[in-house]
Amino acid sequence: MTDFSGQSMLWQQAVSFAARRHQGQLRKDGRTPYAAHPMRVALTVIQVFGCQDPTAVCTALLHDVIEDTTADYDDVLRQFGAEIADAVACLSKDKRLPEERREPAFYAQIAQGGWQARLVKLADAFDNVSDADSDAQRRKAIDKAHHAIEAAGDDPRLTEAVTRLRQLLAQHQG
C-alpha cells in the first residue's frame with residue numbers, strides 16, 4: 001500500500017472540503033456535527049482496518065459529499081481527481097430511482113466498484129453500527145452492515161475489514 005504520509009496535502013484538503021460541505025448538518029442524535037462521521041470513517045480505515053491507501057482515506061473523508069450536500073461529482077473531480085471522484089460517486093445513492101429500488105441498486109453499484117469504495121463502505125457500516133443511539137437505529141445499521149459485507153465479495157484486500165466488521169456485529173448481536 002502507498003504510504004499515506006506522503007499525501008498529507010490531499011487528505012488535509014479532503015478534511016477541509018468535507019467539513020465545509022457538511023457545515024450545519026447534524027448526526028441523527030441531533031447534537032453531533034455530521035462532519036464527525038466521515039472523520040471517524042477515515043480513522044476506521046486507517047486505525048481499525050490498517051489501510052493507509054490515500055485514495056481510500058480521501059474517499060472515506062468525502063464519501064457522503066455527493067449524496068448529502070450540494071457538492072457534485074464535478075466538484076470532487078476538480079479538487080481530487082477521477083479516482084477519488086469515481087469512488088465517492090460509487091458510494092452515492094441515485095436519488096432519481098424510486099425508493100424501493102434505490103438500496104438494491106446502491107449495493108449492486110458498490111459490489112461493482114473498486115476495492116477502495118468497498119473498503120470505505122465497510123468502514124461506514126462499522127461507524128454507523130458503533131454510533132447508533134437507539135435499538136431501531138442499531139438494527140438498521142446492522143442490516144446495512146450485512147449488505148456491505150456481501151458487496152465486499154472475496155477480495156483479499158478487504159479480508160481484515162470484513163473480519164473487523166463481523167467482530168463488531170457479533171458484539172452487538174449477542
Side-chain angles (χ1 to χ4, degrees), residues 1-8 10-11 13-15 17-18 36-68 71-73 76-77 79-95 97 101-132 138-174:
M1 301 222 175
T2 305
D3 178 14
F4 184 64
S5 63
Q7 296 288 325
S8 63
L10 192 61
W11 72 262
Q13 290 171 19
V15 167
F17 186 91
H37 169 65
M39 307 308 163
R40 289 192 313 256
V41 171
L43 287 170
T44 299
V45 166
I46 297 166
Q47 296 293 325
V48 179
F49 296 169
C51 176
Q52 294 193 14
D53 177 81
T55 297
V57 174
C58 288
T59 299
L61 291 163
L62 300 168
H63 78 274
D64 281 336
V65 297
I66 293 175
E67 184 175 320
D68 293 338
D72 62 18
Y73 177 88
V76 179
L77 177 65
Q79 187 90 22
F80 301 100
E83 187 176 26
I84 291 170
D86 289 348
V88 174
C90 181
L91 294 164
S92 303
K93 293 177 187 160
D94 186 348
K95 293 183 179 180
L97 293 175
R101 290 184 30 219
R102 198 174 297 155
E103 285 289 315
F106 176 59
Y107 284 103
Q109 175 178 294
I110 291 169
Q112 297 299 310
W115 72 269
Q116 292 102 330
R118 290 179 285 137
L119 180 77
V120 170
K121 187 61 198 166
L122 293 165
D124 180 45
F126 190 99
D127 186 64
N128 286 332
V129 169
S130 300
D131 192 45
R138 189 167 290 107
R139 281 190 300 275
K140 185 175 180 181
I142 288 169
D143 183 54
K144 289 183 176 192
H146 286 293
H147 289 295
I149 290 169
E150 186 177 316
D154 59 1
D155 189 323
R157 293 170 290 193
L158 305 178
T159 302
E160 179 69 17
V162 168
T163 299
R164 294 298 185 110
L165 182 53
R166 283 187 173 137
Q167 290 169 342
L168 179 67
L169 295 177
Q171 291 173 6
H172 286 283
Q173 290 179 319

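Just so it is clear, the values below take in all heavy atoms, side chains as well, and ignore hydrogens, waters and symmetry mates.
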### Over all atoms of both residues, closest heavy-atom pair of I110 and A151
CG2-CB, 3.9 Å
### Message
Taking ring pair (Phe, Tyr, Trp, His ring centres under 6.0 Å) as the definition, give me every residue that meets it alongside Y107, ordered by chain and number, with sequence neighbours left out.
### Response
H147
#### Entry: Pairs meeting criterion salt bridge (charged side-chain N to carboxylate O under 4.0 Å, His left out) with involvement of residues 114-125, two or more places apart
R118-D155, K121-D124
### Query
Excluding sequence neighbours, so at least two apart, what forms ring pair (Phe, Tyr, Trp, His ring centres under 6.0 Å) with F17?
F80
### Message
The criterion is salt bridge (Lys or Arg N to Asp or Glu O under 4.0 Å); which residues satisfy it with D86, sequence neighbours excluded?
### Response
none
### Message
Which residues pass the side-chain contact (heavy atoms from CB on, under 4.5 Å) test with K93, not counting sequence neighbours?
### Response
E67, R102, E103, F106, K144
### Summary
So CG of D68 and NE2 of H63: to nearest 0.5 Å the spacing works out to 8.0 Å
### Query
Could you go step by step and tell me if I84 and L10 meet the side-chain contact (heavy atoms from CB on, under 4.5 Å) rule?
CA-CA 11 Å; I84 291 170; L10 192 61; 3.9 Å; yes
### Summary
Minimal heavy-atom distance between L91 and A117, with the atoms involved, is CD2-O, 3.4 Å
#### Entry: Closest non-hydrogen atom pair, A42 against A60
CA-CB, 3.6 Å
#### Entry: Test side chain to side chain contact (heavy atoms under 4.5 Å, CB included) applied to V129 and H172, K140, Q171, the passing residue
H172
## Note on the structure
Here the pair of heavy atoms bringing T59 nearest to A87 is OG1-CB, 3.4 Å
### Task
Decide yes or no on side chain to side chain donor-acceptor pair (under 3.5 Å) for T55 and E83, but give the supporting numbers first.
CA-CA 7 Å; T55 297; E83 187 176 26; 3.1 Å; yes
## Note on the structure
Nearest heavy-atom approach of A56 to V45 is CB-CG1, 4.3 Å
### Query
Which heavy atom of I66 sits nearest a heavy atom of S92, and at what distance?
CB-OG, 3.4 Å
### Task
Taking the side chain as every heavy atom from C-beta outward, state whether V15 and M39 have any pair of such atoms under 4.5 Å apart.
yes
#### Entry: Flag side-chain contact, heavy atom, 4.5 Å: R157 against L119
no
### Summary
Here the gap from Q79 atom CD to L62 atom CG, rounded to the nearest 0.5 Å, amounts to 9.0 Å
Identify each donor-acceptor pair in which a side-chain atom of residues 161-169 lies under 3.5 Å from a protein atom, sequence neighbours left out, and give them as a table.
{"from": "T163", "atom 1": "OG1", "to": "T159", "atom 2": "O", "distance (Å)": "2.9"}
{"from": "R164", "atom 1": "NE", "to": "E160", "atom 2": "OE2", "distance (Å)": "2.8"}
{"from": "R164", "atom 1": "NH2", "to": "E160", "atom 2": "OE2", "distance (Å)": "3.4"}

